[in-house]
Chemist: 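Structure below; questions to follow.
As the structure is a computational prediction, the values presented were derived from the model and not from experiment. Below, chains carry the letters A, B, ... as their sequence lines are ordered, and counting in each starts from 1.
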4 protein chains.
Amino acid sequence: MLAIVTGRHPDRLQAVAAEIAQGGGRAVALAGDLSVASEVERLAVAVRAFGSLRAAIFNAGQSIWGSLLEISPQQFEEAWRTSAYGGFLFARAAVPALLEAGGGSLLISGATASIRGRGPFVAFAAAKAALRSLAQSTAREFGPRGVHVVHVIIDGGIDGERLRTGAPARVAAAGEDGLLHPDAIAETYWQLHQQQRSAWTHELDLRPFKEAF
Amino acid sequence: MLAIVTGRHPDRLQAVAAEIAQGGGRAVALAGDLSVASEVERLAVAVRAFGSLRAAIFNAGQSIWGSLLEISPQQFEEAWRTSAYGGFLFARAAVPALLEAGGGSLLISGATASIRGRGPFVAFAAAKAALRSLAQSTAREFGPRGVHVVHVIIDGGIDGERLRTGAPARVAAAGEDGLLHPDAIAETYWQLHQQQRSAWTHELDLRPFKEAF
Amino acid sequence: MLAIVTGRHPDRLQAVAAEIAQGGGRAVALAGDLSVASEVERLAVAVRAFGSLRAAIFNAGQSIWGSLLEISPQQFEEAWRTSAYGGFLFARAAVPALLEAGGGSLLISGATASIRGRGPFVAFAAAKAALRSLAQSTAREFGPRGVHVVHVIIDGGIDGERLRTGAPARVAAAGEDGLLHPDAIAETYWQLHQQQRSAWTHELDLRPFKEAF
Amino acid sequence: MLAIVTGRHPDRLQAVAAEIAQGGGRAVALAGDLSVASEVERLAVAVRAFGSLRAAIFNAGQSIWGSLLEISPQQFEEAWRTSAYGGFLFARAAVPALLEAGGGSLLISGATASIRGRGPFVAFAAAKAALRSLAQSTAREFGPRGVHVVHVIIDGGIDGERLRTGAPARVAAAGEDGLLHPDAIAETYWQLHQQQRSAWTHELDLRPFKEAF
């Protein structure tokens, strides 16, 4: 098994690939921008050269905060381009590869905002709602052909570099296990990938035990 | 009361304005493309010149059919640009005018696809889901300031020129009252606009009595 | 048009009937317990004697507060018996009468709890969720036969005797139009009853403009 | 680890316990009726005698088919008593035991009908909707205290004795992996039980890959 890691920042990708290698896994870093059609096509070709695709995970998202009257049309578009349009390009590239491989998983990360729009998240929520709809359409069409599409609603803060650097007070307030551990998220993604096809999940939520919802 | 009718096709707008005038109403036709920021800004200025805005209705939508593997990235984007981005530009222009007027209504037309993604509607549904999220964010933020945002899920075919010309067999199969009459839709929009603010509706469905759901 | 008012407390019914009469309407008070099958059957016979049924409105509900570990099985059952079982008996009596009349409306009052369960509302919410499901099943089956079933989610406090007596502080905090006016609710129910059958609503929410949701 | 199996039919329980034992596990069969408060209390005492409760799974349900005008009030009540009231009694007994044990899982089986009411399922759907609401209330209250409440929407037929005996044509039509395998369901329940508390799932669906939804 080989993990191919992609994103816009080569140095971060290398770090992730190195971490996987340290843990005994095999990983390759391929830089690219998932919101640009030609880039996604280039990545798809590169990925196929490594063998059969078994699972594809879409995590891209851009947090654009600001209410309807604060953000610009460009920002509204940018949020969509990263999460929704990027998701479309990704699914459009991954699904044929998964069909060729005889089936596989397409795991898509959503957020609270995917199912709930609120003032300051107007752009992010609209983009995530579009992505969720895309996941649903894709599941309905390609599930019967062996592509397991899952939409995971991550409802809470993730205990990672972004929050630890950008919102240390929030991290402190969350307390023990009050933010989602990346390993715990990954474990569920892994289990979803391994579900036997007579009992597939299409949508589930993941949140810290103490998160109000 | 004056109705301002907008859209990309001046001749159609004139026809609608003429129909309103024939019915004893007053209407003005202002052509413009709701998916272009500068056009929406121009329209907003023109609308204000006529007086205080009481209600704004967003109906724009483009039916792009085709599954994930059939449509192009351009088509996916076009669907979004018309329904979701257009809705953003429209809300962004209408809300300040409604706030200035001391409150008013922003009525947004959704569709079955707003809450249900399916293969051939992947682009349309993703765009409509984004629009629905936008309506929700806007309602949550501006409701307490007097802007009544409603999202109407139109779940069925509309008995209008598009279906009568494009899908006569569907019209025939629907039978009496099997398609939504535009007048019946309009009547509900009117009632929503008149709701007293202690009991506002944010979301409702509208479907023919015989429509399966 | 004649309004038939029912409930367990004859004096309150008389007061409502008297209020309708004062407003120029015609009303009859028929006492009965909607959670007892034989009572509902007796009421149904009495109602038919007055003529054709055009609309039936189900408002019964019992507010039982207390968390899972605080309430008794009897309380959990009582909440269900009033809201859900009562709704079943009511629909089972009203639908045949509406079918005989050639169609009509069955309007069912829900609450925030109908779509959201929370600790202290465990019993009430479970009962209201069951009632909502009943409304949906009934709409799907009898809509095509001319029975317009609507489920109204009342999301906020109602500005009535119960709150004014029992929670004056909440009434004061709500401010102007911060609680739903019964007249405003009634107006929407009336409009729903009058919807032309090509564009029926099955579900909508009603909340004060300033209510957070 | 010891599995305690309960239900109304001692012979079936013994068979299940024997099957677990044959697979190398340890199981005890305790007969009881989950829709009777005194029986559930008796079972709760018996279970505690075996040690600390780690997970409790509620599967009870009674399939009562028939539309609003076909079923009796007794049948409507019976459906509720088995699924919803039984679920309440079960949760009310299990939660204190799980709290005492320092936390654990309460897994509740739902069905398509939990989120969608339809004519012939009016009683079953109303009961399952109530159970889902109960699961939600319980999760919101006891999640922060370490009780992981999950509601699993089983959307499809289960490949078990009931369908094989009662609906062989449906089993044949479903084809390979067209019905949910009990082992696949169990595997997901097991994974849910093992989720690390920083990333808990409250609700998910499970359906055969080829099931339309």
Side-chain angles (χ1 to χ4, degrees), chain A residues 35-38 40-41 67-77 79-81 83-89 91-96 99 106 113-144 147 149 151, chain B residues 35-38 40-41 67-77 79-81 83-89 91-96 99 106 113-144 147 149 151:
Chain A
S35 65
V36 176
S38 58
V40 177
E41 281 159 26
S67 112
L68 180 73
L69 303 184
E70 293 163 2
I71 61 169
S72 66
Q74 288 71 27
Q75 287 177 300
F76 188 80
E77 178 162 347
W80 169 78
R81 204 164 284 285
S83 292
Y85 181 69
F88 168 78
L89 297 176
R92 193 167 160 266
V95 165
L99 289 172
L106 172 57
S114 306
I115 52 169
R116 184 176 163 80
R118 268 205 311 140
F121 308 109
V122 60
F124 181 65
K128 286 301 228 181
L131 178 65
R132 183 186 182 225
S133 173
L134 173 91
Q136 210 177 90
S137 294
T138 306
R140 288 201 166 102
E141 181 168 8
F142 297 101
V147 179
V149 183
H151 182 251
Chain B
S35 65
V36 176
S38 59
V40 176
E41 281 159 26
S67 114
L68 180 73
L69 303 184
E70 292 162 3
I71 60 170
S72 66
Q74 287 72 24
Q75 288 177 299
F76 188 78
E77 178 163 346
W80 169 79
R81 204 163 285 283
S83 291
Y85 181 69
F88 168 78
L89 297 176
R92 194 168 160 266
V95 165
L99 290 171
L106 173 56
S114 305
I115 52 169
R116 183 175 162 80
R118 270 207 307 143
F121 308 110
V122 60
F124 180 65
K128 286 301 229 182
L131 178 64
R132 182 184 182 228
S133 174
L134 173 90
Q136 209 177 91
S137 295
T138 306
R140 289 201 166 102
E141 183 169 7
F142 297 101
V147 179
V149 183
H151 182 252

Chemist: Rounded to the nearest 0.5 Å, what separates atom CG in B:Leu134 from atom CZ in A:Phe76?
Modeler: 5.5 Å
Chemist: Once rounded to the nearest 0.5 Å, what's the spacing between atom CH2 of A:Trp80 and atom CH2 of B:Trp80?
Modeler: 5.5 Å
Chemist: Is it the side chain or the backbone of A:Ser83 that comes within 4.5 Å of chain B heavy atoms, both, or neither?
Modeler: neither
Chemist: Closest approach of B:Leu69 and A:Arg92, non-hydrogen atoms and distance?
Modeler: CD2-O, 3.9 Å
Chemist: Taking A:Phe88, A:Tyr85, A:Phe142 one by one, which has the highest count of heavy-atom pairs under 4.5 Å against chain B?
Modeler: A:Phe88
Chemist: Quick check: closest heavy atoms across B:Ala130 and A:Ala130, and the distance to 0.1 Å?
Modeler: CB-CB, 4.1 Å
Chemist: Quick one: pull up OG in B:Ser67 and CZ in A:Arg140 and give me the separation to the nearest 0.5 Å.
Modeler: 14.5 Å
Chemist: Can you name the nearest heavy-atom pair linking A:Gln136 to B:Ile115, along with the distance?
Modeler: OE1-O, 4.1 Å
Chemist: Report which part of A:Val95 has an atom under 4.5 Å of a heavy atom belonging to chain B: side chain, backbone, both, or neither.
Modeler: side chain
Chemist: Name the region of B:Ala37, side chain, backbone, both or neither, that has any atom closer than 4.5 Å to a heavy atom of chain A.
Modeler: side chain
Chemist: Measuring heavy-atom distances to chain B, does A:Thr138 have an atom under 4.5 Å in its side chain, in its backbone, in both, or in neither?
Modeler: side chain
Chemist: So which part of A:Ala125 gets closer than 4.5 Å to some heavy atom of chain B, the side chain, the backbone, both or neither?
Modeler: both
Chemist: Contact part of A:Leu68 toward chain B, heavy-atom cut-off under 4.5 Å: side chain, backbone, both or neither?
Modeler: both
Chemist: By a 4.5 Å heavy-atom criterion (distance strictly below it), what part of A:Arg116 contacts chain B: side chain, backbone, both, or neither?
Modeler: both
Chemist: Side chain, backbone, both or neither: which part of A:Leu131 has an atom under 4.5 Å from a heavy atom of chain B?
Modeler: neither
